[in-house]
*Asks:* 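Sharing a structure below in structure tokens format, with a few things to ask.
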Amino acid sequence: MTLRLFNTLTGQMDPLTPSDGEALRMYACGPTVYDYGHIGNFRTFLQVDVLRRFLKLTGIKVRHVMNITDVDDKIIRNAAAAGVSIGAYSAEFEKAFFEDLDTLGVERPEIIARATEHIPRMVELVQRLAAAGAAYQTEDGSWYFRLAAFPEYGKLSKKDLSGMEDGARVDLDEYEKDSARDFALWKAAKPGETSWDTAIGRGRPGWHLECSAMAMEFLGESFDLHAGGEDLMFPHHENEIAQSESVTHKPFARHWMHVRFLLVDGRKMSKSEGNFYTLRDLLLKGYKASAIRLALISVPYRHQFNFTFDGLVEATSAIERLRTFRQRLVGGGFAPGENSALQEAALKAQSDYIAALANDLNTAEARAPIFDLLRAANTAMDQGQLKSGDRDAILAVLAEFDAIFCVLEDRDAEATQRALEWAEQTGRLNDVAPELLTRQGLTDAAIDALVAERTQAKKQRNFARADQIRNELAEKGVVLEDSKDGVRWKRK
RNA sequence: GCGCCGGUGGCGAAGCGGCUAACGCGCAGGUCUGCAAAACCUGCAUUCGCGGGUUCAACUCCCGCCCGGCGCUCCA
């Protein structure tokens, strides 16, 4: 089934397929590694993850490039303040970034491209732009892109800049530019700042330049898809188009995908508003990685997502139900054979699920058939109508669901443990929710021992003691489930 | 100001010119259970921001209004 994805450039739903018939070549803007990633960042990376997982699920190979911006004003500023090199500074946050992606189950792109490792390609691009008359150097040695050289500027964000010519607001330190809207390709070295000695002078790349240079290096001058957060549409992506197409005269990316912003309690997340959360903040508050992933994914990428803690609690419950269900299928003994009604239900769930995702990655709609199937199967199990062949079919559908949503495998405890260790190492234990510490302090062996004691008590019909143990464990976030096959427990 | 997006049950959220308005969470009652939990069953929007219009038929299309959000500057 071919994915139909909204294309910012054309303003309509376009099918997304590899133009070379081999692999879908895509570029998605990565992070500037100057700090820990926040949930807004991760919503975008998660939605792109959904995209690439869906492509793979439908049999399309993916060649996905992600840049790491490891030199920019903030990095330079922060590294100087910390008294370390920008390399050491950015490496630390790059490492943290990838740890966070692992926590959230975000697949690695095929190619990770660091800006500082591709300076020659950027210099080359500036030279080509200069040769084409689209770049000029100012007195201080910086290079700028000449917007006037690219009449199509604004075609992505649908902006008409003709009426917004050089107005009153021209930044003081940019007075040398020909036009206020011209943007920096290459920033001349300032004393003490990291810089590269190159054929176009000593300096460092502008932010927009790296994406054009690296995308073309790894994907060619024209490729299938470019993705990123909605805020990047203008000016970043617009600038990338201008820089690239001015020299290639070919469409840079033919399909553009933009993920809408995340709000927190209905407001834009910002440090000054006090509603700013990193992934690690949430883990230390006791929320599960899987719940964060599900919450951030469940609202389709083209809608604003309003982040709330209630939403995280909801996602936690939903995941628990799914996991309990799968456990019941895996662990139960079923008579051989098939129940045609369930076989049909499984097929329907599968096709509905794929169809929803193929329709502009409608993740909200895609969840529904899985829960429909869950209910049908649970009912059948209660009635003893589910056969081993049904179990296999349903587990296969669940696996396919999880190929995108990736929440069934419980790796939450490990993720939380990692976050706790990090908090300890960086002196952030004060930020940890107290109940999380008591919960993590309880080992599996200790739980098993208490459960065994309770089973004994139950045998002796000492229900008072049995309930006491159950309550004790409940306070520490452990839930018990009695069944014919013994006691199951799980951490809340 | 200009531009874009949205306003559906207690909450999140999907949806389509005409099927009982998905699904999740939550709540209430029931079944099961030593009691719970899990699971299942039943119920919880005669209604889709407001006012007009088009249509045999609109939550779904058009117009206006109100409310919210975002972009136009570094930002996922």
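Every chain is numbered from 1 and lettered A, B, ... according to where its sequence line falls, protein lines coming before strand lines. Keep in mind that the numbers below use all heavy atoms, side chains included, and drop hydrogens, waters and symmetry copies.
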*Asks:* So, A/Ser212 versus A/Glu240: side-chain donor-acceptor pair below 3.5 Å or not?
*Replies:* no
*Asks:* Under a 3.5 Å cut-off for both distances, is B/rG43 Watson-Crick or wobble paired, and to whom?
*Replies:*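 Base partner found: B/rC27.
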*Asks:* Is A/Leu322 touching bases, backbone alone, or none of the nucleic acid, heavy atoms closer than 4.0 Å?
*Replies:* nothing
*Asks:* For A/Arg4, is the CZ atom crowded, meaning more than 12 foreign heavy atoms sit under 6.0 Å from it?
*Replies:*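 No, because the 6.0 Å sphere around CZ of A/Arg4 holds 12 heavy atoms or fewer from other groups.
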*Asks:* Think A/Asn378 has a side-chain N or O under 4.0 angstrom from the OP1 or OP2 of B/rC40?
*Replies:*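 Answer is yes, contact under 4.0 Å.
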*Asks:* Quote, to the nearest angstrom, the C1' distance that separates B/rG17 from B/rA76.
*Replies:* 37 Å
*Asks:* Report the base-pairing partner of B/rC56 (Watson-Crick or G-U wobble, both distances below 3.5 angstrom), or none.
*Replies:*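 Across all strands, the one nucleotide that pairs with B/rC56 is B/rG18.
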*Asks:* Could you measure between the two C1' atoms, the one in B/rC25 and the one in B/rC66, and give it in whole Å?
*Replies:* 30 Å
*Asks:* Taking the C1' atom in each of B/rA58 and B/rC44, what is the distance between them to the nearest angstrom?
*Replies:*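 Between the two C1' atoms, the distance is 26 Å.
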*Asks:* Regarding A/Lys268 and the six-membered ring of A/Phe261, is the cationic atom NZ or CZ under 6.0 Å from the ring centre and inside 45° of its axis?
*Replies:*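 Judged by the rule (NZ or CZ under 6.0 Å from the ring centre, within 45° of its axis), A/Lys268 counts as positioned above A/Phe261.
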*Asks:* Among the nucleotides B/rG34, B/rC70, B/rC74, which one has an atom lying closest to any side-chain atom of A/Gln304?
*Replies:* B/rC70
*Asks:* With a 3.5 Å limit on both atom pairs, tell me what B/rC72 is paired to, counting Watson-Crick and G-U wobble, or say none.
*Replies:*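 Check on B/rC72: paired to B/rG1, both distances under 3.5 Å.
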*Asks:* B/rC23, B/rC40, B/rG26: which one has an atom nearest the side-chain heavy atoms of A/Ala368?
*Replies:* B/rC23
*Asks:* Taking the C1' atom of each, how far is B/rC16 from B/rG71, in whole Å?
*Replies:* 30 Å
*Asks:* Could you identify the nucleotide paired to B/rA36, looking across every strand shown and requiring Watson-Crick or G-U wobble geometry with both distances under 3.5 Å?
*Replies:*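 By the stated definition (distances under 3.5 Å), nothing pairs with B/rA36.
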*Asks:* If we take the C1' atom in both B/rG6 and B/rA39, what is their distance in whole Å?
*Replies:*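 It works out to 38 Å between them.
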*Asks:* Does the cation-pi check pass for A/Lys74 over A/Tyr34, that is, NZ or CZ under 6.0 Å from the six-membered ring centre and within 45° of its axis?
*Replies:*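 Pair A/Lys74/A/Tyr34 counts as cation-pi.
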*Asks:* Of the nucleotides B/rC35, B/rC5, B/rG12, which has the atom closest to the A/Glu314 side chain?
*Replies:*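 Ranking B/rC35, B/rC5, B/rG12 by closest atom to the A/Glu314 side chain puts B/rG12 first.
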*Asks:* Give the nucleotide from the list B/rC5, B/rU73, B/rC75 with an atom nearest to the side chain of A/Asp231.
*Replies:* B/rC75
*Asks:* Side chain of A/Arg321, heavy atoms from C-beta onward: which of B/rC74, B/rC70, B/rG24 has the nearest atom to it?
*Replies:*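 Selected nucleotide (nearest to the side chain): B/rG24.
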*Asks:* One thing to verify: whether A/Arg454 and A/Asp482 come together as a salt bridge, which I'm taking to mean a side-chain N less than 4.0 angstrom from a carboxylate O.
*Replies:*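 Salt bridge between A/Asp482 and A/Arg454, a charged N being under 4.0 Å from a carboxylate O: yes.
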*Asks:* Considering only side-chain heavy atoms of A/His303, which listed nucleotide, B/rA76, B/rA14, B/rU73, is closest?
*Replies:* B/rA14
*Asks:* Separation of A/Asn306 atom CG from B/rG7 atom P, in whole Å?
*Replies:*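 Taking atom P of B/rG7 as the reference, CG of A/Asn306 is at 14 Å.
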*Asks:* When the P atoms of B/rU47 and B/rA38 are compared, how many Å lie between them, rounded to an integer?
*Replies:*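 Rounded to whole Å, the distance is 34 Å.
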*Asks:* Which listed nucleotide (B/rA36, B/rA37, B/rC75) is nearest to the side chain of A/Lys268?
*Replies:* B/rC75
*Asks:* Quote, to the nearest angstrom, the P distance that separates B/rG9 from B/rA45.
*Replies:* 11 Å
*Asks:* What nucleotide, of B/rC40, B/rA76, B/rA37, holds the atom closest to the side chain of A/Val479?
*Replies:* B/rA37
*Asks:* How about A/His226 and A/His255: are their ring centroids closer than 6.0 Å?
*Replies:*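 Between A/His226 and A/His255, the centre distance exceeds or equals 6.0 Å.
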*Asks:* Base, sugar-phosphate or nothing for A/Lys158? Non-hydrogen atoms, less than 4.0 Å.
*Replies:*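 The residue A/Lys158 makes no contact with any strand.
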*Asks:* Which of these nucleotides, B/rG24, B/rG15, B/rC74, is closest to any side-chain atom of A/Glu365?
*Replies:* B/rG15
*Asks:* Among B/rC70, B/rG24, B/rC74, which nucleotide has an atom closest to any side-chain atom of A/Arg367?
*Replies:* B/rG24
*Asks:* In whole angstrom, give me the gap between the C1' atoms of B/rA36 and B/rA21.
*Replies:* 36 Å
*Asks:* Heavy atoms under 4.0 Å, any strand shown: does A/Arg302 hit a base, just sugar-phosphate, or nothing?
*Replies:*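 A/Arg302: no heavy atom of the nucleic acid under 4.0 Å.
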*Asks:* What about the rings of A/Phe45 and A/Phe97, do their centers lie closer together than 6.0 Å?
*Replies:*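 Yes, they do, as the ring centres are separated by less than 6.0 Å.
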